[in-house]
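Take a look at the structure below.
By convention in this document, chain letters (A, B, ...) are assigned in the order of the sequence lines, proteins followed by strands, and residues within each chain are numbered from 1. Keep in mind that what you see is a predicted model, and the values were worked out from it rather than measured.
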Protein chains: 2
Amino acid sequence: MFSDIDPRSPTPLYEQIAARIRVAVASGELAPGDALPSVRALARELRVNPATVVQAYRDLAIDGFVEMRHGQGTFIQEVPAFMRDEERTAQAQKLVRKLLQDAARLGLSAEDIERAFQAEAGVEIRE
Amino acid sequence: MFSDIDPRSPTPLYEQIAARIRVAVASGELAPGDALPSVRALARELRVNPATVVQAYRDLAIDGFVEMRHGQGTFIQEVPAFMRDEERTAQAQKLVRKLLQDAARLGLSAEDIERAFQAEAGVEIRE
DNA sequence: ATCAGTGTATGGGTTAACTAATACACTAAT
DNA sequence: ATTAGTGTATTAGTTAACCCATACACTGAT
């Protein structure tokens, strides 16, 4: 599950770990209620400091993907807890607003962005 | 021209400066042969250290957008038309990639983003 | 109560990015 | 030669990110 974690990568370890778990949740590989490896167990497996795993888990907890229960473990959250439609819409809008703002600052048109979006979205992998 | 440079932005000052000029060149807002503000002049205008402007100008010089002439100034280079398009595309793609990355981080799909984009820009995305 | 498991909190070391400060060197006009 | 403009080079301070080390606190089974 965590075989591709690479300490030499420019992207931080904790981010790699979190990203891997996000994907696992999104793809259903991890179901709500499932327990993640304990902080120490995963740290040992990856030959990494426990605090690094904590940082990954905490990020996931902040975003609502998992819940950390003191003394018990870390568990995948129920989807409805963070996936309510209105919230998704609001968050998406926030991101897009920021994008358009940045684009405007650079003098890029909405059309430029649209093309880029098509190109990127086209690269997406279907399963 | 440099009114949107923001010291509090997470993206570095020199990068903001360079990005703004890249697009200005790509869009023809700045023509080949045009002189950029001198390192000191721009630094003063932006209330920034000259070395910061230098870093921006140097990046542009490395990529062939400008030429720095010792004792004379910094000037816009001739950039082939196709390169200009590529540059605009590259900048747009950079922004969109970041957007999609943030979206994935929150568990948002490309579809969520597409909807938000349509709502904001009134532009249709086709696949 | 104890123990072995879990997450939590705090502080420190290392490194890299960013920005600044200062002195240097070239150019062109006088 | 001087001067006022230009870019260049080197060094250093500041900040933030990243990862680690260590001690703390909770939970559930014994």
Reckon B/V48 touches a base, only the sugar-phosphate, or nothing at all at heavy-atom distances under 4.0 Å? sugar-phosphate
For atom CZ of A/R8 and atom C1' of D/dC19, their distance in whole Å: 17 Å
Ion pair present between A/R105 and B/D6, side-chain N to carboxylate O less than 4.0 angstrom? no
Output the rounded distance in Å from CZ (B/F75) to C1' (C/dT27). 11 Å
B/E111/A/R88 salt bridge by N-O under 4.0 Å criterion: no
Is the shortest side-chain N/O distance from B/T74 to OP1 or OP2 of D/dG7 below 4.0 Å? yes
Roughly how many Å is it from CG in B/L42 to C1' in C/dA20, rounded to a whole number? 16 Å
Closest to the B/H70 side chain, choosing from D/dC19, C/dG7, C/dA25: C/dA25
Just the rounded figure in Å: distance from P of C/dA20 to CZ of B/R47. 13 Å
A/S38 side chain near C/dG5 phosphate (N/O to OP1/OP2, under 4.0 Å): no
Among D/dC20, C/dC18, C/dA21, which is the nearest nucleotide to the side chain of B/P12? C/dC18
Mapping B/A51 and B/A41 onto DNA chain D by nearest heavy atom, which one lands closer to the 5' end? B/A41
Provide, to the nearest angstrom, the distance between the CZ atom belonging to A/R44 and the P atom belonging to D/dC20. 16 Å
5' precedence on DNA chain C between A/V54 and A/G71 (nearest-nucleotide basis): A/G71
Please tell me which of the listed nucleotides, D/dG7, D/dC19, D/dG28, lies nearest to the side chain of B/M68? D/dG7
Distance, rounded to the nearest Å, where B/I5 contributes CD1 and C/dT19 contributes P: 11 Å
Please tell me whether A/L106 and A/L100 are part of a single hydrophobic cluster in this structure, the criterion being side-chain heavy atoms less than 4.5 Å apart. yes
Would A/R69 and A/F75 count as a cation-pi pair here, with the cationic atom under 6.0 angstrom from the ring centre and within 45° of the axis? yes
Please check the phosphate of D/dC18 (OP1 and OP2 only) for any side-chain N or O of A/Y14 closer than 4.0 Å. yes
Within the pair A/N49 and D/dC19, is there a side-chain N or O less than 4.0 Å away from OP1 or OP2? no
Is the backbone N or O of A/S109 less than 3.5 Å from a side-chain atom of A/D112, with the two atoms forming a donor-acceptor pair by type? yes
Distance below 4.0 Å between A/Q72 side-chain N/O and D/dC26 OP1 or OP2: no
Any donor-acceptor pair under 3.5 Å joining the side chain of B/R40 to the base of D/dG7? yes
How many Å lie between CD on B/Q55 and P on D/dG7, as a whole number? 16 Å
Just how far, in rounded Å, is P of C/dA17 from CD of B/Q16? 18 Å
Is A/T52 close enough to D/dC20 that one of its side-chain N or O atoms is under 4.0 Å from OP1 or OP2 there? yes
Should A/V25 and A/I17 be counted in the same cluster of Ile, Leu, Val, Met, Phe, Trp and Tyr side chains packed under 4.5 Å apart? yes
